[in-house]
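Quick notes on the structure that follows.
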2 protein chains.
Amino acid sequence: MSTPDWTVHFPGLRKLEPSIGRPLVENSKVVKLAAGTRIFGPGQSPEAYLLLLDGTVRVQQVSETGREIVLYRVSAGESCALTTACLMGYEEYQAEGVAETDVQAVAIPRTTFDELIARSAEFRRFVFTAFSMRVTNLFKIIDEVAFSRVDIRLAQKLLELADSQGRVALTHQQLASELGTAREVISRQLHEFQRRNWISATRGEISLVSIKDLQKLAGAP
Amino acid sequence: MSTPDWTVHFPGLRKLEPSIGRPLVENSKVVKLAAGTRIFGPGQSPEAYLLLLDGTVRVQQVSETGREIVLYRVSAGESCALTTACLMGYEEYQAEGVAETDVQAVAIPRTTFDELIARSAEFRRFVFTAFSMRVTNLFKIIDEVAFSRVDIRLAQKLLELADSQGRVALTHQQLASELGTAREVISRQLHEFQRRNWISATRGEISLVSIKDLQKLAGAP
DNA sequence: TGTCGTATGTGACGAAGTCACAAAGCACTG
DNA sequence: CAGTGCTTTGTGACTTCGTCACATACGACA
């Protein structure tokens, strides 16, 4: 990973500085984390507010039986809702965060964070709008997990995760984790999609054949 | 409902005033809502920050098919996490809030709210610790809905909702709403609990007979 | 005592999760 | 290129959960 120009990757940061009155990274460290690093997990407490400069972090919950559900991803220019919540509420993490790619982030220590919150309306707005958007999304996840059928959710996920060529490079297990269900369930649903000629699949990759039909199932508005 | 002394019902409020420099209710209204009132619902946007003086508000999500799940309750001395999130993120409500009892609340308009957030560290702390504790709880709900069995969750709910005599005055339908499942599922589970002599039930009320066994199933730590 | 609305019981069935394996697919190695 | 080992995918049998369509039962009140 090359050293990025963080004013590009994280344009909001520089913009904040006038309102803060000094470089935002003062008192803070830029940390680098290799892909796969577990950044935080249940039982730990955050010591710093993290602003991602580059890479993505996956935040997920893991059940006792080993099933997983992806709650959200944090990418460049964003901050982690859970960290915000735990920092402000002095609580422990409920979920775990894993670096999906190599990651660079600004770590703002709690005291500096508190000070910035107090001093800068811009910073507050930045932090809280990001936070509340995540929370809004959590409500959506609860709704889907509690009430929505797996085939519909799978169709939505495939459409959401497909690249520009309509390909999704994930294993069945990874898709199951995205939706918080079991691998076998995904395998069977994908089989059904394949039978209907909506997708074609090879080991570790799925190609969307009929995006239109998938959208119809997904309830495209 | 008698007019309550809100310094009793909401002790944190008075304590905040020195740091704010004037009565907190200035620019704000005390609103009264009858039990059963729908306070907000999906698609609406909040116009004011609500601090409950008396009563409780139930926040729940309703599926297309009519199933419901209770996300949390707001009671005297607290504020609604969802309102906070929507207010800060300028978003619409994702869930609905219903007054479970008659309710009195202080409605702080957005501009005053913003000003208080800027001016008072105490107020910020009050708002955000409450907020983040709710969010933490949302994570727990996702975990339970996605990964936990209904019998276990039901046992937990019964223990949580029982009064000092071990009685739960709810219908099967209401319990189903608490857990986000179907009424029939609850009826059958309660039947099984009854068969094992863990509970006894009459129309609209359940008595816990063997709290110990319920705790064991609930996985009491 | 009858009537009506709400609450609960039940069978049948479909959808989803679990368990225990079997069978490919792929990389690496000798 | 055959063999080996790991990962990914397939499958059947079974349990749990959700849905649908009713049947009963209870309790308040005329």
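Every chain is numbered from 1 and lettered A, B, ... according to where its sequence line falls, protein lines coming before strand lines.
When distances are taken from the side chain of B:Arg183 to each of D:dG18, D:dG10, C:dG9, the shortest belongs to C:dG9.
Judged by distance alone with a 3.5 Å cut-off, no donor-acceptor contact links the side chain of B:Arg203 to the base of C:dT8.
Under the ring pair (Phe, Tyr, Trp, His ring centres under 6.0 Å) rule, A:Phe128 has a single partner from B:Tyr90, B:Phe131, B:Phe128, which is B:Phe128.
In this structure, A:Glu192 places its CD atom 14 Å from P of C:dG14, rounding to the nearest Å. One atom, CD1 of B:Ile152, and another, P of D:dT16, lie 11 Å apart when rounded to the nearest Å. Between A:Leu175 atom CG and D:dT7 atom P there is a gap of 19 Å when expressed in whole angstrom units. To the nearest angstrom, P of D:dC17 lies 10 Å from CD1 of B:Ile186. Look at CZ on A:Phe147: it is 19 Å from P on C:dA15, rounded to the nearest Å. Rounded to an integer number of Å, the gap from CD of B:Gln173 to C1' of C:dG5 is 15 Å. Rounded to an integer number of Å, the gap from B:Gln194 CD to C:dT10 C1' is 15 Å. We find that CG of B:Leu190 is positioned 15 Å from C1' of D:dC17, with the value rounded to whole Å.
Positionally, the nearest nucleotide of DNA chain D for A:Leu170 lies more toward the 5' end than for the other of B:Gly180 and A:Leu170. For A:Val150 and B:Glu205, each mapped to the nucleotide of DNA chain C holding its nearest heavy atom, the one lying further toward the 5' end belongs to B:Glu205. Both B:Glu184 and A:Gln189 lie near DNA chain C, and the one whose nearest nucleotide falls closer to the 5' end is B:Glu184.
Side-chain N/O atoms of B:Gln94 and B:Gln61 include no donor and acceptor closer than 3.5 Å. In summary, the side chains of A:Glu91 and B:Thr136 do present a donor paired with an acceptor at a separation below 3.5 Å, with no hydrogens or angles considered. Defined by atom type and a distance below 3.5 Å, a donor-acceptor pair is missing between the side-chain atoms of B:Tyr49 and B:Thr83.
Among the heavy atoms of the strands lying under 4.0 Å from B:Arg67 are primed sugar atoms or P, OP1, OP2 only; no base atom is included. Within the 4.0 angstrom heavy-atom criterion, base atoms lie near B:Val185. Using a 4.0 Å heavy-atom distance criterion, B:Arg188 is classed as a base contact.
Proximity of A:His191 to the phosphate of D:dG10: a side-chain N or O atom is located under 4.0 Å from OP1 or OP2. Contact between the side-chain N/O atoms of B:Thr181 and the OP1/OP2 oxygens of D:dG18 is found at a separation under 4.0 Å. A close approach under 4.0 Å does occur between a side-chain nitrogen or oxygen of A:His172 and OP1 or OP2 of D:dG10.
Contact check on B:Lys140 versus B:Glu144 returns no salt bridge, with no Lys/Arg side-chain nitrogen under 4.0 Å from an Asp/Glu carboxylate oxygen.
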